[in-house]
Asks: 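Below you will find the structure I want to go over with you.
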Amino acid sequence: MTAPRTVLLTGAAGGVGTLMRTLLPPLGYRLRLFDQRPVEGEPDAVTAELADAEALRAAVHGVDAIVHLAGISLESSFEKILRANIEGTYRLYEAAREAGVRRVVFASSNHAVGFAPRPPDGSAALQADTPHRPDTFYGLSKCFGEDLAALYWERHGIETVSLRIGSCFPEPTTVRMLSLWLSPADCARLLHAALTAEGVGHTVAYASSANTRLWWDLSTARALGYDPQDDSEPYAAALLAAQGELAPDDPDHAHLGGTFCTNPPIWPH
Ligand code: 15L
């Protein structure tokens with residue numbers, strides 16, 4: 001596939017969106033920014049909700065691809081998740097279909113399979129075809145997004161790579177993140193691979209750096225052309241000294257989703 005040049009980035013004011021705003025343009029992308037909150041320092045960004053059909057139609061017009069990061073990224077009430085994540089993602093795909101956009105990269109999450117038992121560190125045992133096991137309404141909305149992507153591929157020929165992102169932050173800050181960390185630079189590399197790989201249909205891939213303590217298999221992401229350069233291991237000694245090893249019998253650590261399975265962090269807005 002020819003490299004898409006103009007890419008709509010939804011959720012541009014969020015944590016991952018903010019990191020990608022600086023890391024994607026050097027890879028050759030012209031970004032059109034979309035968020036319900038104003039994007040600091042970006043006067044041309046579209047400030048609108050995905051429910052705003054007119055704003056969304058204008059935003060998708062003429063783009064080569066969409067990177068869909070928008071939505072609530074922690075647990076919330078079902079009603080809020082329904083509006084922001086479930087309806088929002090549906091509206092985005094409808095706008096993409098109407099505008100003839102052929103490629104979407106969807107920010108799914110490890111929480112789509114959060115109740116999968118935590119594999120041993122370094123085993124990379126968890127496979128992308130494991131059944132959905134959402135740990136929250138948030139995780140459930142990511143399962144919906146993945147299935148919606150499959151539907152729009154089968155019915156309408158819109159290709160999607162659904163990336164089950166681990167923990168994308170500048171640095172890992174917990175022992176759990178040693179296994180799930182996706183460095184911002186690797187995130188940009190993976191988005192680039194997902195935007196440019198040929199014939200993806202609907203592909204689900206785990207999304208992290210090449211961490212020594214990996215719990216999941218990165219081979220689907222690598223097959224897209226992703227070549228991760230980072231590993232959380234240099235952070236391990238300090239985090240383990242401060243926080244200790246994850247106890248296998250601790251309910252907060254027995255599953256991939258960690259505390260999302262027992263006491264999920266709540267979206268503040
Ligand atoms: C996610 O899906 C969240 O959006 C992010 O804030 C982190 O909590 C991450 O998962 C994680 O599991 O570390």
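Position 1 is the first residue of the sequence, and the numbers go up from there. We count ligands from 1, going down the list as the structure has it; atoms in each ligand are counted the same way. Just so it is clear, the structure is predicted and the values come from calculations on it, not from any experiment.
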Asks: Walk me through it: do R222 and S219 pass the test side chain to side chain donor-acceptor pair (under 3.5 Å)?
Replies: CA-CA 5 Å; R222 288 183 189 277; S219 59; over 6 Å; no
Asks: Where does S109 meet ligand 1, judged by heavy-atom distances below 4.0 Å: at the side chain, the backbone, both, or neither?
Replies: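 Only the side chain of S109 comes within reach of ligand 1.
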Asks: I want to confirm something. Looking only at heavy atoms, which of F169, W267, Y138, W181 is nearest to atom 7 (C) of ligand 1?
Replies: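 Considering heavy atoms of F169, W267, Y138, W181, the nearest to atom 7 (C) of ligand 1 sits in F169.
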Asks: L82: what forms a side-chain contact (heavy atoms from CB on, under 4.5 Å) with it, not counting sequence neighbours?
Replies: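 Result, side-chain contact (heavy atoms from CB on, under 4.5 Å) vs L82: F78, I86, E87.
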Asks: Quick test: of every protein heavy atom, which one is nearest to atom 9 (C) of ligand 1, and how far off is it to 0.1 Å?
Replies: G166 O, 3.3 Å
Asks: In the protein, which heavy atom is nearest to atom 13 (O) of ligand 1, and how far is it?
Replies: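 It is S167 OG, 2.6 Å.
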Asks: Between R102 and E159, does any side-chain N to carboxylate O distance fall below 4.0 Å?
Replies: no
Asks: Is there a ring-ring contact (aromatic ring centres under 6.0 Å, His included) between H192 and Y29? Walk through the geometry before answering.
Replies: CA-CA 9 Å; H192 179 53; Y29 296 98; 5.6 Å; yes
Asks: Per the side chain to side chain contact (heavy atoms under 4.5 Å, CB included) rule, which among L151, T160, L148 passes with H202?
Replies: T160
Asks: Looking only at protein heavy atoms, which one is nearest to atom 8 (O) of ligand 1, and what is the separation?
Replies: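 Its nearest protein heavy-atom neighbour is F260 CZ, 3.5 Å.
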Asks: Among all the protein's non-hydrogen atoms, which is closest to atom 10 (O) of ligand 1, and how far away is it?
Replies: H111 NE2, 3.1 Å
Asks: Taking the basic N atoms (NZ, or NE/NH1/NH2) and the acidic carboxylate oxygens, is any pair closer than 4.0 Å for R97 and E94?
Replies: yes
Asks: Can you find a heavy atom in the side chain of P172 that is under 4.5 Å from one in the side chain of L239?
Replies: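 Of all side-chain heavy-atom pairs linking L239 with P172, at least one is under 4.5 Å.
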Asks: Report the residue from L191, L190, V200 that forms a side chain to side chain contact (heavy atoms under 4.5 Å, CB included) with V161.
Replies: V200
Asks: In the protein, what heavy atom is nearest to atom 4 (O) of ligand 1, and what distance, to one decimal place, separates them?
Replies: S73 O, 2.7 Å
Asks: Any idea which atoms of ligand 1 are less than 4.0 Å away from a heavy-atom of L74?
Replies: 6 (O)
Asks: With heavy atoms only and a cut-off of under 4.0 Å, state how L180 meets ligand 1: side chain, backbone, both or neither.
Replies: neither
Asks: For ligand 1, does I165 get within less than 4.0 Å through its side chain, its backbone, both, or neither, judged by non-hydrogen atoms?
Replies: neither
Asks: Below 4.0 Å from any atom of ligand 1, is there a heavy atom belonging to R176?
Replies: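 Distance cut 4.0 Å: R176 passes for ligand 1.
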